[in-house]
Amino acid sequence: MTIDQILTRLKEGNKRFVEDKTNDLLRDNSRRGVLTSGQEPFAIVLSCADSRVVPELAFDTGLGELFTVRVAGNIANTDSIASIEYAVAHLKTKVIVVLGHESCGAVAATIAGGDNGYNLNHLTSQITPALCSGSTDDVNEVVKRNATHASQELINRSSIISEAVKNNNLKVLPAYYSLNDGSVSFLG
């Protein structure tokens, strides 16, 4: 698939999900058997670890179609970047979606500030640039800025990703998931 075809596939899948008309294909024993010889995901999704946000369902995809990396706040840290680099370099995946979501707890914790302990403070420090980059601290606006920031971090911090983008072999897109209706809006 081309990059445009992949984006159309993601948008059509999300439309089916929102309308409760999912096709539920590629989720059975036969599909599992096909995937024992390898994977060829058509998109990568860097998503929050929030249990209410399941990219495979939100885009109505089956087994082996998405390479999903999940971390609270959908941050682009060394481990998430390395995982994504693997999919770009070795699986030749052409689209990365950085999927923020409504009412993200990691973003809310960043906005609230305070001492949350070493590990959570480390995580929220990676969301702070998105908080500081705008004039509002509305959680959902910061979520959108954070998805955009993480998208740029993927490009800035990875020569594998930046070269693929530069050569028009990869597109990196921030997106926003609505908990209320399940819709995904691509940003920018």
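Residues take their numbers from the sequence shown, with the count starting at 1. What you see is a predicted model; the values in this text were computed from it and never measured.
Scored by the side chain to side chain donor-acceptor pair (under 3.5 Å) test, E12 finds no partners at all (sequence neighbours excluded). N77 meets the side chain to side chain donor-acceptor pair (under 3.5 Å) test with S80; sequence neighbours excluded. N156 is linked by a side chain to side chain donor-acceptor pair (under 3.5 Å) to Q152, counting only residues two or more places apart in sequence or in another chain. Residues passing the side chain to side chain donor-acceptor pair (under 3.5 Å) test with S125: none are found, sequence neighbours excluded. When the salt bridge (Lys or Arg N to Asp or Glu O under 4.0 Å) test is applied to E153, the partners found at least two apart in sequence or on another chain are R157. Partners of K11 under the salt bridge (Lys or Arg N to Asp or Glu O under 4.0 Å) rule, at least two apart in sequence or in another chain, do not exist in this structure. A search for side chain to side chain contact (heavy atoms under 4.5 Å, CB included) contacts involving A87 returns I44, F67, L91, T93, not counting sequence neighbours. Partners of Y86 by ring pair (Phe, Tyr, Trp, His ring centres under 6.0 Å), not counting sequence neighbours, listed by chain and number: H90.
We find the CD-CG distance between Q5 and L10 to be 12.0 Å, quoted to the nearest 0.5 Å.
For residues 105-124, the side-chain hydrogen bond (donor to acceptor under 3.5 Å, both in side chains) pairs, not counting sequence neighbours, are D115-N121, H122-Q126. Under the side-chain hydrogen bond (donor to acceptor under 3.5 Å, both in side chains) criterion, the residue pairs touching residues 66-76 are E56-T68, with sequence neighbours excluded. The salt bridge (Lys or Arg N to Asp or Glu O under 4.0 Å) contacts involving residues 75-98 comprise nothing, where partners must be two or more places apart or lie in separate chains. Within the structure, the salt bridge (Lys or Arg N to Asp or Glu O under 4.0 Å) test picks out the following pairs touching residues 131-145 (sequence neighbours left out): E141-K144.
The main-chain N or O of S103 is found under 3.5 Å from a side-chain atom of N140 such that the two form a donor-acceptor pair. Between the N146 side chain and the V142 main chain, no donor and acceptor come within less than 3.5 Å of each other. In this structure, the side chain of N14 does not engage the main chain of S183 through any donor-acceptor pair within 3.5 Å.
For the 3.5 Å distance criterion, the side chains of T2 and D4 fail to qualify, holding no donor opposite an acceptor.
Considering all non-hydrogen atoms of both residues, V184 and A175 come closest at CG1-CB, 3.8 Å.
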